[in-house]
Asker: 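Take this structure first; my questions come after.
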Amino acid sequence: MIIWLASYPKSGNTLLRSMLTSYLFSNDGIFNFELLSNVKQYPNDIILEDLKINTDDKNELIKNAIKCQKYFDNKNSVGFVKTHNMLFNFNKKYPFTNLDHTLGTIYIVRDPRNVVLSYARHLDVPIDKIVKFVTTGKILKNDIMGNWAENYTSWKVLNDFDKYLLIKYEELISKPTEIFLKILKFIYHLRQSKFLLNEKKLKNVINSTTLSNLQILEKKNIFKEAVTNKKGHKVKFFDQGGKRDWSNSLDEIYIKNIENTFKDEMKELGYL
């Protein structure tokens with residue numbers, strides 16, 4: 001069964017995975033990049049190629065989502081899978097996933113005004129193009145993400161089945177111990193297992209996944225998820241993190257566009 005670690009891009013999914021894998025897949029709770037391999041990713045290029053699915057055809061991606069998930073679905077164990085996909089077609093024909101494969105989801109959300117700044121830097125594209133993409137939504141490579149609000153809203157359906165935990169990136173940064181404990185308890189609840197806290201591991205997780213420590217690790221190691229810019233240079237993945245501040249970095253025209261487009265969702269989340 002799958003526990004999804006879902007989010008819109010540049011919303012803290014890597015931090016979430018770093019913390020979880022440190023606690024659940026290490027002996028001491030100290031993070032290193034190799035631990036991230038314990039979380040699978042979907043869409044998965046290898047699986048799509050193996051099934052001979054045309055990734056340029058949106059309809060083929062939608063029709064075969066469940067089929068792809070069977071590759072890493074085991075009824076007798078729990079696996080974590082990262083995705084930026086929206087939860088489309090739930091309880092309809094060709095759903096992204098269903099309750100036969102999904103044990104639950106942890107959805108991490110971030111203020112979209114900071115998302116666009118981080119995303120533009122990550123993809124090395126002008127901010128106006130990113131704002132248009134985030135506010136309108138479209139298919140990007142193999143991901144069917146929707147816009148920022150569609151992505152966030154789509155996963156809330158699992159709350160009806162007690163299989164949904166919403167985490168705000170800003171709170172994971174500002175009070176990591178409290179929020180991470182909430183995440184762990186939710187996972188053990190889904191597993192129907194008793195939660196016994198290892199305080200030493202928890203302390204090591206918090207200390208080894210700070211922005212400054214992740215930046216140090218990135219300098220020392222090859223981070224497989226890092227990308228290169230148009231000049232062929234590596235783009236630093238762990239940049240400003242929670243220190244990024246849209247209020248002094250984003251032009252007013254883009255602020256208004258984002259706030260008008262996502263007014264209801266941003267109010268709901270306390271961003272407005």
Side-chain angles (χ1 to χ4, degrees), residues 5-18 41-43 45 55-58 61 82-86 88 107-155 168-170 172-173 211-212 214-215 218-219 222-272:
L5 307 180
S7 70
Y8 200 76
K10 308 310 293 180
S11 297
N13 203 306
T14 302
L15 175 60
L16 173 62
R17 289 181 291 133
S18 299
Q41 300 200 32
Y42 185 83
D45 289 340
T55 57
D56 294 323
D57 188 334
K58 177 181 177 180
L61 291 171
K82 167 202 170 182
T83 191
H84 291 315
N85 267 71
M86 63 185 291
F88 54 77
Y107 190 92
I108 185 165
V109 68
R110 185 184 189 185
D111 190 320
R113 293 165 295 193
N114 278 327
V115 167
V116 295
L117 289 170
S118 183
Y119 209 6
R121 178 186 173 279
H122 180 72
L123 294 181
D124 191 25
V125 298
I127 189 68
D128 61 319
K129 291 186 177 180
I130 285 294
V131 171
K132 183 178 180 180
F133 172 72
V134 170
T135 53
T136 61
K138 67 173 184 176
I139 189 168
L140 179 67
K141 197 179 179 182
N142 301 331
D143 295 273
I144 301 172
M145 300 189 301
N147 66 26
W148 176 86
E150 289 170 334
N151 195 290
Y152 157 65
T153 303
S154 70
W155 285 93
K168 292 175 70 174
Y169 172 70
E170 294 81 6
L172 188 58
I173 293 292
L211 177 62
S212 58
L214 292 173
Q215 290 172 332
E218 185 176 13
K219 287 180 180 179
I222 298 175
F223 181 45
K224 295 178 181 178
E225 297 180 31
V227 297
T228 55
N229 60 23
K230 295 174 182 177
K231 295 181 179 180
H233 301 142
K234 282 283 185 182
V235 176
K236 187 169 67 172
F237 189 90
F238 299 101
D239 183 37
Q240 295 184 43
K243 297 178 182 178
R244 189 176 297 282
D245 184 2
W246 59 268
S247 66
N248 56 34
S249 304
L250 192 61
D251 289 347
E252 187 68 19
I253 187 173
Y254 304 128
I255 294 173
K256 292 299 182 184
N257 186 353
I258 292 167
E259 292 178 349
N260 290 334
T261 304
F262 302 136
K263 179 180 178 181
D264 292 341
E265 292 80 12
M266 291 180 71
K267 281 188 175 181
E268 177 183 312
L269 289 162
Y271 292 137
L272 285 179

Asker: Would you compute the distance between atom NZ of Lys267 and atom NZ of Lys263 and round it to the nearest 0.5 angstrom?
Answerer: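 One finds 4.0 Å between NZ of Lys267 and NZ of Lys263.
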
Asker: Please check this pair: side chain of Asp251 against backbone of Ile253, looking for a donor-acceptor N/O pair closer than 3.5 Å.
Answerer: no

Asker: Return yes if a side-chain donor-acceptor contact under 3.5 Å exists between Tyr107 and Asn151, otherwise no.
Answerer: yes

Asker: Does the side chain of Thr261 pick up a donor-acceptor pair with the side chain of Asn257 at under 3.5 Å?
Answerer: yes

Asker: Is there a side-chain contact between Tyr119 and Val125 (heavy atoms, below 4.5 Å)?
Answerer: no

Asker: Can you tell if the side chain of Leu117 reaches within under 4.5 Å of the side chain of Leu250, non-hydrogen atoms only?
Answerer: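 Contact flag for Leu117/Leu250 side chains = yes.
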
Asker: Between CD of Glu150 and OG1 of Thr135, what distance do you get to the nearest 0.5 Å?
Answerer: 10.5 Å

Asker: Return yes if some donor-acceptor pair links the side-chain N/O of Ser154 with the main-chain N/O of Phe88 below 3.5 Å, else return no.
Answerer: no

Asker: Between Ser118 and Asn114, is there a donor-acceptor pair closer than 3.5 Å when you use the side chain of the first and the backbone of the second?
Answerer: no

Asker: Using side chain to side chain contact (heavy atoms under 4.5 Å, CB included), reason through Lys256 and Glu252 one step at a time and then give a plain yes or no.
Answerer: CA-CA 6 Å; Lys256 292 299 182 184; Glu252 187 68 19; 2.9 Å; yes

Asker: To the nearest 0.5 angstrom, please state how far the CG atom of Asn260 sits from the CG atom of Leu272.
Answerer: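 One gets 9.5 Å once the value is rounded to the nearest 0.5 Å.
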
Asker: Out of curiosity, His84 NE2 to Lys10 NZ, how far, rounded to the nearest 0.5 Å?
Answerer: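 Going from NE2 on His84 over to NZ on Lys10, the span is 8.0 Å.
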
Asker: Taking side chain as C-beta onward, heavy atoms only, is Leu5 less than 4.5 Å from Ile108?
Answerer: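 SC-SC contact between Leu5 and Ile108 ruled out.
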
Asker: Do Phe133 and Leu123 come within less than 4.5 Å of each other through their side chains, counting heavy atoms only?
Answerer: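 In short, these two side chains do not touch, never coming nearer than 4.5 Å.
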
Asker: Report yes if some heavy atom in the side chain of Leu269 is under 4.5 Å from a heavy atom in the side chain of Tyr152; otherwise report no.
Answerer: yes

Asker: Please give me the minimum heavy-atom distance between Asn147 and Thr136, naming the atom from each residue.
Answerer: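 So the two residues come closest at CB-C, 3.8 Å.
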
Asker: Assess whether side chain to side chain contact (heavy atoms under 4.5 Å, CB included) is satisfied between Tyr271 and Val109, documenting all intermediate values.
Answerer: CA-CA 11 Å; Tyr271 292 137; Val109 68; 4.0 Å; yes

Asker: Could you pull out the closest heavy-atom pair between Trp148 and Pro112, with the gap in Å?
Answerer: CZ2-CD, 3.5 Å

Asker: With no hydrogens and no angle check, do the side chains of Thr14 and Arg17 hold a donor and an acceptor under 3.5 Å apart?
Answerer: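 Yes, because at least one side-chain N or O of Thr14 sits under 3.5 Å from a partner of the opposite role on Arg17.
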
Asker: Find out whether Met266 and Asp111 are in side-chain contact, i.e. whether some heavy atom of one side chain is under 4.5 Å from a heavy atom of the other.
Answerer: yes

Asker: Within the 4.5 Å heavy-atom criterion, are Phe262 and Arg113 side-chain neighbours or not?
Answerer: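 Phe262 vs Arg113: side chains apart.
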
Asker: Considering non-hydrogen atoms only, spot the tightest contact between Ala6 and Asn13 and give its length.
Answerer: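 Taking Ala6 first and Asn13 second, the nearest heavy atoms are C-ND2, 3.9 Å.
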
Asker: Quick one: do Asn85 and Ile144 satisfy side chain to side chain contact (heavy atoms under 4.5 Å, CB included)? Show the steps, please.
Answerer: CA-CA 5 Å; Asn85 267 71; Ile144 301 172; 3.6 Å; yes

Asker: Distance from Leu16 atom CG to Ser11 atom OG, nearest 0.5 Å?
Answerer: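 Rounded to the nearest 0.5 Å, the CG-OG separation comes out at 11.0 Å.
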
Asker: In a check of side-chain contact (heavy atoms from CB on, under 4.5 Å) between Pro9 and each of Met145, His122, Arg110, which one passes?
Answerer: Met145

Asker: Any side-chain heavy-atom pair from Ile173 and Leu211 closer than 4.5 angstrom?
Answerer: no

